[in-house]
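Have a look at the structure below before the remarks.
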Amino acid sequence: QASASFVPRQLAGRPAMAADSIGYTVQDVAEVLSRLSALAGARSLGFPEGMARFSPEELQQYWAHAITMETDASAVESLKVVYSFIEAVIISCGAPDSFDVYEVCFEALTKIGFCLSNRVSQELLLNLLENVHEVYDVLLSCVETYEWVQPGATGLLRLWMLQVIFSCFGAGNIAGKHLMELTDNDVSGAVSLIAFILRCDQAPFAMQAAAGRCLVELTTADSVFLAKSDEGQLEDTQNQQIAKLTAMLNVHVNGLIKGLIQFDVVEAFGRCICQHQMSHMRTDIVVKHFLTTIHNCLLYCSENQKKLRQHLATQSTIVQDIMIPYVHNILPALYDNPQCGPSLIEWQNLKATLQTFVVVTFNINVFRAQLRDADMIPKVMEVPNILTHVTMLELLMKLNLNVDFAKGPFADSILATLQASFERLPEESRERLQRRLTSEQSMRLPYSKASVKSVELLAFAMTPPSQAPAASESRKATRKHKWRNAKNKSKRRKRLLGMQHASKPQASGQPPTDEEEGDEESDSEDDGMPPLIPADPWASHLGVADEAGVPVGALCQLSGAMMHDPVCTPDGHRFERAALEDWMTVSESNPLTGAPLQRGEVRASPELQSYIQGYQMQMFAAAQIAPDAFEEPPTLEDAMPAPAPARPVTGPSLLGDLPTLEAQQAQQAKPKKEKAKIRIESRSVVDCPEDMRCAIDGKVCINPVRSPQGYLFEKKTLERWMLNCGSVCPVTAGPLRLEECQPDLEMKKRIVRFLKREQ
């Protein structure tokens with residue numbers, strides 16, 4: 001099996017996913033092998049000593065024998081001959097600009113990989129890729145340069161180079177972080193590959209859908225990884241790790257947004273959508289990835305934020321060509337279901353789209369008239385039950401404010417519908433909606449207050465609810481408790497700062513995961529920031545946190561939302577650029593003082609922008625490195641029965657020993673003794689005995705279970721594995737069902753004793 005020097009670390013050892021069958025046949029392979037043999041003969045390549053050349057006919061004979069692998073054991077040797085020939089061509093080619101030869105080689109490997117999906121064939125293919133990984137890396141790094149100089153010079157080489165990896169591991173298993181590893185943590189290179197796949201008409205849809213999902217993942221902290229030391233462990237303390245990852249995220253986000261512009265990803269998505277416009281299912285998937293990418297990137301406080309808005313403004317046809325038709329496509333399914341709600345995929349897609357509309361219309365004014373004058377918003381408000389959900393009502397109100405609905409042709413009907421829906425809400429829900437639009441706006445999606453008439457019309461929802469002075473502190477305590485005890489903590493961490501995340505593809509009819517079922521939890525609970533302790537350098541400049549947990553110095557003094565492109569006036573007031581520009585179209589004055597203010601007097605504030613970006617990136621870094629800071633430590637309870645064999649060494653966790661971010665609380669006087677109970681700060685206990693570690697992620701087990709073959713797993717980790725990869729053993733790849741794995745009570749008892757000694 002290939003080593004981590006070529007195969008992304010998280011994929012090493014993972015079985016291939018035969019479900020990603022793209023449909024290459026035995027005849028397809030025979031045809032490409034014939035072309036390869038003829039091309040290699042014409043180039044007079046210098047093969048390694050002992051490696052025979054084959055005519056097209058001879059290579060065809062070996063391939064014909066190789067496909068009988070199910071019935072003829074000697075067929076493996078024939079397949080090895082075919083693979084060895086391809087490997088020899090790749091290594092012997094030598095010249096980095098012989099792209100036609102390399103293209104046919106990787107095309108052959110891809111088609112064989114999909115045609116023969118058994119484990120023996122996959123292992124042989126992985127071994128070949130490991131043997132040529134240096135050539136692979138060089139080709140992948142230089143192909144973009146050749147494309148810049150001479151567009152089309154490399155043909156479909158990138159398609160086949162990526163598709164051969166998809167054939168080994170399956171589109172569902174490829175993630176943004178794997179593309180980052182393939183491009184040596186170069187986000188620009190990863191974006192370039194994704195843009196190419198989206199544009200490529202010959203790319204299978206499964207590959208294009210995975211590319212879109214990977215791009216969404218590149219907009220989150222999950223795709224940035226820290227390198228390990230030679231010993232395989234991180235050398236730095238946790239705070240140093242967070243500082244390192246924060247700095248990497250700063251570079252990553254700036255490079256990501258620059259790459260979106262440089263490689264014209266908006267146009268690439270447009271071409272992909274047009275390619276699949278006859279399939280509603282396919283266009284829904286691609287459009288959602290597109291909208292989520294734009295949504296997340298516009299929420300970053302990046303030095304390239306203004307350039308991104310300008311770039312999107314030049315692509316103004318995306319609203320009428322992509323966004324509005326997308327909504328109209330999913331509305332019929334919602335109209336036909338009187339009981340529709342958050343459990344429907346169409347509902348979830350509509351919510352994601354409305355979130356993106358709110359962000360885009362706040363930042364880019366050229367889109368507003370198109371949405372205001374179309375009948376999309378009134379039609380969305382006709383969806384059954386949509387106006388009974390506080391989250392959806394909040395999004396619709398913000399969208400109407402951003403587009404200045406009072407100037408549109410549907411103003412009267414929209415106002416009547418929103419007002420009636422607000423009055424029908426229970427009193428508690430009305431107050432919650434008012435808080436979301438006022439006192440808690442810092443952590444919500446932004447909306448424009450420059451549309452004076454529209455704001456006046458919706459004043460019934462824009463007034464903060466009356467509350468006792470202690471109510472705010474009480475909600476803070478409640479929010480902290482919910483952050484620490486919620487079931488879907490991992491998804492809450494992904495929703496930091498309003499970010500959306502990419503969903504793994506699921507089979508039709510498959511029930512949603514626990515996280516997906518809890519997605520609408522935010523509709524009934526107040527989400528704020530997690531209880532993290534601020535750190536330098538931004539803390540001293542941005543001030544204390546508000547009720548929602550955001551530093552007050554990061555908030556726009558006009559909109560109340562966190563700034564992404566801050567500007568300052570001569571008298572020192574801070575505003576979001578888009579919010580102030582909107583205001584000044586109505587009145588050339590300071591929104592706070594009323595003093596005259598000209599556009600030329602307003603200055604960008606790169607220093608404040610860097611502090612806000614530092615705050616954002618540090619939150620993401622902390623969530624990635626020290627998740628225990630977001631939750632109550634789990635509890636181990638003592639139990640009983642028989643020691644087990646040590647698991648095979650799989651290496652330590654990628655992030656190493658990660659204790660909690662929180663400072664240790666002062667010891668309470670005379671704490672109660674809890675017999676056979678212990679709290680641990682993190683599963684990443686590096687110095688624990690090897691036989692206490694989970695065979696999947698290498699972390700100490702909390703609820704250990706043992707397979708019939710004797711391997712030890714953390715129960716929740718094994719459940720997640722089987723959800724993603726099916727009923728196969730992570731170590732042996734043989735059949736394994738969760739019911740066959742029994743709790744190892746004696747091991748649990750040993751772990752408790754060990755951790756007690758450590759404390």
Side-chain angles (χ1 to χ4, degrees), residues 216 283-285 287-299 312 318-320 322-335 337 340-364 367-405 408 410 414 417-418 421-422 425 432-433 436-437 441 443-448 451 454 458 461 495 497-503 516 519-524 527 561:
V216 174
T283 53
D284 282 351
I285 292 171
V287 171
K288 184 173 181 180
H289 291 328
F290 164 68
L291 294 176
T292 306
T293 298
I294 301 303
H295 170 279
N296 287 355
C297 288
L298 284 172
L299 290 180
L312 291 174
I318 63 174
V319 170
Q320 66 263 34
I322 296 178
M323 294 182 173
I324 294 177
Y326 174 59
V327 174
H328 284 298
N329 276 342
I330 60 180
L331 286 179
L334 293 167
Y335 289 155
N337 189 346
C340 68
S343 61
L344 284 183
I345 184 63
E346 290 84 4
W347 180 286
Q348 296 165 18
N349 288 349
L350 179 60
K351 179 181 175 182
T353 307
L354 291 177
Q355 289 172 326
T356 304
F357 281 158
V358 170
V359 174
V360 169
T361 53
F362 175 78
N363 283 281
I364 308 167
F367 293 153
R368 297 172 185 169
Q370 300 170 25
L371 284 168
R372 180 184 63 221
D373 298 337
D375 64 350
M376 187 204 75
I377 295 178
K379 287 187 176 296
V380 168
M381 295 169 67
E382 296 173 6
V383 171
N385 307 320
I386 194 170
L387 297 178
T388 64
H389 286 256
V390 171
T391 300
M392 300 297 256
L393 201 52
E394 174 195 1
L395 292 173
L396 285 167
M397 287 188 172
K398 288 183 175 180
L399 180 57
N400 278 299
L401 288 171
N402 286 349
V403 303
D404 197 3
F405 79 101
F410 307 101
I414 288 175
T417 303
L418 290 177
S421 302
F422 180 79
L425 289 175
R432 187 151 51 86
L433 177 59
R436 284 172 174 247
L437 294 169
Q441 173 55 22
M443 271 315 299
R444 305 293 172 188
L445 298 182
Y447 65 91
S448 173
S451 308
S454 296
L458 296 183
R495 287 205 304 258
L497 309 174
M499 291 289 167
Q500 297 180 29
H501 69 284
S503 301
E516 288 169 330
D519 189 32
E520 281 298 315
E521 195 173 332
S522 61
D523 195 44
S524 59
D527 287 336

Indicate the atoms forming the closest heavy-atom contact of [X] with [Y], along with that distance.
X      : Y      : value
Leu371 : Met376 : CD2-CE, 3.8 Å
Pro342 : Gln348 : O-NE2, 3.0 Å
Ile386 : Met381 : CG2-O, 3.9 Å
Ser448 : Phe362 : N-CD1, 3.8 Å

When rounded to the nearest 0.5 angstrom, what distance separates [atom1] in [X] from [atom2] in [Y]?
X      : Y      : atom1 : atom2 : result
Leu433 : Leu393 : CG    : CG    : 5.5 Å
Thr361 : Leu399 : OG1   : CG    : 5.0 Å
Ile324 : Asn329 : CD1   : CG    : 12.5 Å

Please answer whether the main-chain N or O of [Y] pairs with a side-chain N or O of [X] as donor and acceptor at a distance below 3.5 Å.
X      : Y      : result
Ser451 : Leu401 : yes
Asn402 : Val358 : yes
Tyr447 : Leu437 : yes
Thr292 : His289 : no
Thr356 : Leu291 : yes

Next item on the list: Test Cys340 against Leu334 for side chain to side chain contact (heavy atoms under 4.5 Å, CB included), laying out the working first.
Entry: CA-CA 6 Å; Cys340 68; Leu334 293 167; 4.2 Å; yes
Next item on the list: Take Met392 and Leu387 through the side chain to side chain contact (heavy atoms under 4.5 Å, CB included) test and state the conclusion after the steps.
Entry: CA-CA 7 Å; Met392 300 297 256; Leu387 297 178; over 6 Å; no
Notebook entry, point to check: Is there a side chain to side chain contact (heavy atoms under 4.5 Å, CB included) between Tyr335 and Lys379 once you walk through the steps?
Noted result: CA-CA 10 Å; Tyr335 289 155; Lys379 287 187 176 296; 3.4 Å; yes
Indicate yes or no: at least one non-hydrogen side-chain atom of [X] is less than 4.5 angstrom from one of [Y].
X      : Y      : value
Phe410 : Ile377 : no
Thr391 : Arg436 : yes
Leu354 : Phe357 : yes

Item checked: Steps toward side chain to side chain contact (heavy atoms under 4.5 Å, CB included) verdict (Tyr326, Thr283) -> CA-CA 8 Å; Tyr326 174 59; Thr283 53; 5.9 Å; no
Margin query: So, applying side-chain contact (heavy atoms from CB on, under 4.5 Å) with Lys288, which one of Val216, Asn349, Thr353 is it?
Written below: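 Among Val216, Asn349, Thr353, the one meeting side-chain contact (heavy atoms from CB on, under 4.5 Å) with Lys288 is Asn349.
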Margin query: If the condition is salt bridge (Lys or Arg N to Asp or Glu O under 4.0 Å), which residues does Arg372 pass it with, not counting sequence neighbours?
Written below: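 Testing Arg372 for salt bridge (Lys or Arg N to Asp or Glu O under 4.0 Å), a comparison that skips the adjacent residues, returns none.
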